[in-house]
Amino acid sequence: MNAEEYYQLGNEYRKKGDWQHALNNYMEAISLDPQSPAVEAKEMLEEILNFYDKDAYNP
């Protein structure tokens, strides 16, 4: 898979509320393409997780 495919898959997981799989796919996309839009998506998701459940998620 390429970076765009990992990014899109991460978006699908995020829409389903499966945040861990979304993060995993965003990180794969970023490792393949550091300029991927997954960088912004990952940061957004981390902010959401930190806001809602600081104890359950530690980046």
Side-chain angles (χ1 to χ4, degrees):
M1 287 178 46
N2 64 33
E4 178 65 24
E5 291 168 329
Y6 278 115
Y7 170 65
Q8 293 300 330
L9 187 58
N11 286 340
E12 290 176 27
Y13 280 120
R14 181 182 47 81
K15 290 175 187 175
K16 293 177 186 177
D18 188 346
W19 294 339
Q20 187 59 54
H21 282 109
L23 279 174
N24 291 344
N25 281 282
Y26 291 152
M27 289 188 289
E28 282 293 329
I30 293 165
S31 72
L32 294 171
D33 178 10
Q35 303 301 317
S36 169
V39 172
E40 187 175 323
K42 178 180 173 285
E43 290 171 0
M44 175 194 69
L45 189 54
E46 287 175 340
E47 287 179 20
I48 291 169
L49 292 172
N50 282 325
F51 179 80
Y52 284 111
D53 198 355
K54 294 178 182 174
D55 294 331
Y57 178 75
N58 294 310

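Because the structure is a prediction, the values reported are computed rather than measured. In what follows, residues are counted from 1 in the order of the sequence shown.
Taking hydrophobic clusters as Ile, Leu, Val, Met, Phe, Trp and Tyr residues chained together by side-chain heavy-atom distances below 4.5 Å, M44 does not share a cluster with V39.
Using a 4.0 Å cut-off between charged side-chain N and carboxylate O, K16 and E12 make no salt bridge.
For the side-chain hydrogen bond (donor to acceptor under 3.5 Å, both in side chains) test with N24, the passing option among E28, Q20, H21 is Q20; the others fail.
Put simply, NZ on K42 and CD on E46 are 3.5 Å apart, with the number rounded to the nearest 0.5 Å. Between the OH atom in Y26 and the OH atom in Y6 there is a gap of 14.5 Å [rounded to 0.5 Å]. To the nearest 0.5 Å, atoms CE (M1) and CG (L32) are separated by 9.0 Å. Taking CD1 from I30 and CD from Q35, the interatomic distance works out to 10.5 Å, rounded to the nearest 0.5 Å.
For the 3.5 Å distance criterion, the side chains of Q8 and E4 qualify, holding a donor opposite an acceptor.
In terms of heavy-atom proximity, A29 sits nearest to A3 at CB-O, 3.3 Å.
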Evaluate the side chain to side chain contact (heavy atoms under 4.5 Å, CB included) criterion for residues I48 and W19: first the C-alpha distance (whole Å), next the side-chain angles of each, then the deciding distance (0.1 Å), finally the verdict.
CA-CA 10 Å; I48 291 169; W19 294 339; 4.1 Å; yes
